[in-house]
Amino acid sequence: MTLDQRNGNFVTAPSAADLLAWYDRHRRSLPWRAPAGERPAPYRVWLSEIMLQQTTVAAVAGYFVDFIRRWPSVEDLAAAPTEEVMSAWAGLGYYARARNLHACAKVVAEEFDGRFPDTEQGLRALPGIGPYTAGAIAAIAFDRRAAAVDGNVERVMSRVFRVETPMPQGKPEIRARTEALVPEDRPGDFAQALMDLGATICTPRKPACALCPWMEPCQGRAAGVVETLPRKAPKAERPVKRAAVFWAEAPDGSVLLARRPPKGLLGGTEGPWSSELTSDTDPAEALVHAPFPADWARLAGTVEHGFTHFTLQMTVFAATGVAAEAPAGARWATLDELKEAGLPTALMKPAAHALAALHGPAAAKRLRKRPK
DNA sequence: CAATCGTGGAT
DNA sequence: TATCCAAGATT
């Protein structure tokens with residue numbers, strides 16, 4: 001029992017034991033989790049944590065099952081061509097994760113004999129593993145006493161301890177508070193319990209405080225400010241940028257696919273040829289960005305895609321019956337090969353737009369990923 | 001530190 | 001329809 005000097009209230013500290021007791025009754029069953037009391041394989045923990053970065057459980061589940069079936073071990077994943085990993089990742093977003101995933105698998109397979117480091121520090125040195133993921137893997141896969149501070153934990157802790165400092169300035173305090181609470185026993189369950197609590201009880205809006213194991217010690221609730229936490233600076237508004245997408249079809253019906261440079265927006269993915277997506281291209285002057293001279297026809301309408309930090313408005317140009325060599329970094333591919341390649345959603349949209357315009361809606365529908 | 005980097009679901 | 005934002009890392 002301590003005194004909160006901000007309002008003169010006496011507060012009790014939240015206990016790991018109360019949270020773990022709640023977790024034992026309400027833990028979610030997820031594809032990457034082991035049965036209660038068992039420790040999941042580090043490979044599965046790592047793969048799931050990378051996929052779950054800024055990505056919802058629902059979006060990840062199918063990809064996780066696919067990856068595990070296709071590459072059952074880290075050695076299998078390391079041995080795969082990077083292009084196959086990128087294709088398997090297509091649609092999940094943040095493609096740097098896929099590149100780092102493969103790079104990390106190679107390091108673990110080739111330099112660590114297929115075994116992941118079992119400490120936070122060791123994990124942190126691997127590509128794609130930052131402070132959160134290192135803590136999560138150390139705790140969940142190796143039962144190390146490590147904190148895993150993600151968005152859920154940030155929200156829970158900012159509320160329980162009533163941290164009113166806006167993020168990211170408040171992060172150090174959140175981390176210190178979390179580290180102090182991690183128990184010697186069951187640190188992995190503690191990490192997952194905290195995330196489950198944030199995902200199912202201590203939600204951004206309308207938290208279910210009445211069901212919360214930490215309702216009593218929650219200072220945010222006592223002060224009536226739960227839903228205002230964590231505090232965040234207002235976000236800058238998203239500019240609209242324009243790009244030109246070039247849909248080329250050869251006489252045999254194959255289409256032009258270009259591999260994007262490894263870094264930057266959609267880095268390493270394949271898709272139709274386009275102007276720079278991060279600059280702003282005037283549609284009237286778009287043809288200078290075409291892959292080769294052809295009878296380009298501007299298709300009616302535009303295609304929009306919202307990225308985190310800007311909205312992209314794409315104008316699509318199409319040419320059919322093209323007999324031309326594919327430029328460097330591009331290839332002619334059948335529609336089946338296009339589906340196999342896996343396009344990011346942002347580029348699947350203009351592809352579908354072109355197919356619908358040239359061959360009808362039914363042709364566009366065939367682009368959709370078939371359920372496996 | 002601030003900007004960059006995807007996507008889909010919920011509200 | 002617009003906004004938020006989810007198991008963040010990298011530069």
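Chain naming here is simple, since letters A, B, ... match the order of the sequence lines and numbering starts at 1 in each.
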Could you run down the sub-3.5 Å N/O contacts of the protein with nucleotides 2-6 of chain C?
{"residue": "C:dA6", "atom": "OP1", "partner": "A:Arg155", "partner atom": "NH1", "Å": "3.4"}

Heavy-atom check, side chain of A:Trp273 versus side chain of A:Phe292, under 4.5 Å: no
A:Val74 vs A:Phe112 side-chain heavy atoms within contact, under 4.5 Å: no
Residue-level proximity of residues 21-33 of chain A to DNA chain C when a heavy atom falls under 4.0 Å: A:Arg28, A:Leu30, A:Trp32, A:Arg33
Sugar-phosphate only, base, or nothing, as touched by A:Ile129 at under 4.0 Å among non-hydrogen atoms: sugar-phosphate
Pairwise side-chain hydrogen bond (donor to acceptor under 3.5 Å, both in side chains) hits with a residue in residues 76-88 of chain A, at least two apart: A:Arg70-A:Glu84, A:Ser73-A:Asp76, A:Thr82-A:His102
Distance in Å, A:Leu30 CG paired with A:Asp196 CG, rounded so as to fall on 0.5 Å steps: 7.0 Å
pair A:Asp189-A:Pro183: side-chain heavy atoms closer than 4.5 Å: no
Set of ring-ring contact (aromatic ring centres under 6.0 Å, His included) partners for A:Trp32, sequence neighbours left out: A:Phe64
Sub-4.5 Å side-chain heavy-atom contact between A:Leu181 and A:Met157: yes
Flag side-chain contact, heavy atom, 4.5 Å: A:Leu355 against A:Trp247: yes
Residues within residues 119-127 of chain A bordering DNA chain C, heavy-atom distance below 4.0 Å: A:Arg124, A:Pro127
Touch class at under 4.0 angstrom, heavy-atom based, for A:Ser48 against every strand present: nothing
5'-most by nearest nucleotide on DNA chain B - A:Lys206 or A:Pro168: A:Pro168
Pairs touching residues 120-143 of chain A that satisfy salt bridge (charged side-chain N to carboxylate O under 4.0 Å, His left out), sequence neighbours left out: A:Arg39-A:Asp143
Partners meeting ring-ring contact (aromatic ring centres under 6.0 Å, His included) with A:Phe307 (sequence neighbours left out): A:His305, A:Phe310
Selection: residues 260-275 of chain A, any non-hydrogen atom under 4.0 Å of DNA chain B: A:Gly264, A:Leu265, A:Leu266
A:Tyr132 and A:Glu49 side chains, donor-acceptor separation under 3.5 Å: yes
Interface limits on DNA chain B, where chain A has a heavy atom under 4.0 Å of a nucleotide atom: B:dT4 to B:dG8
Spacing of CD belonging to A:Glu325 relative to CZ belonging to A:Arg331, to within rounding of 0.5 Å: 15.5 Å
A:Leu211 CG to A:Ile201 CD1 distance, which is reported to the nearest 0.5 Å: 5.0 Å
Under 3.5 Å side-chain donor-acceptor pair for A:Thr302 and A:Arg242: no
Contacting residues from residues 169-196 of chain A, given that a heavy atom lies under 4.0 angstrom of DNA chain B: none
All pairs passing ring pair (Phe, Tyr, Trp, His ring centres under 6.0 Å) where residues 311-341 of chain A contributes a residue, at least two apart: A:Phe246-A:Phe317
Sugar-phosphate, base or nothing in reach of A:Ala148, heavy atoms under 4.0 Å: nothing
Distance, P atom - from B:dG8 to C:dA9, rounded to whole angstrom: 22 Å
Of residues 134-146 of chain A, the positions that come close to DNA chain C - non-hydrogen atoms, cut-off under 4.0 Å: none
Short side-chain to backbone donor-acceptor contact, A:Lys241 and A:Thr278, under 3.5 Å: yes
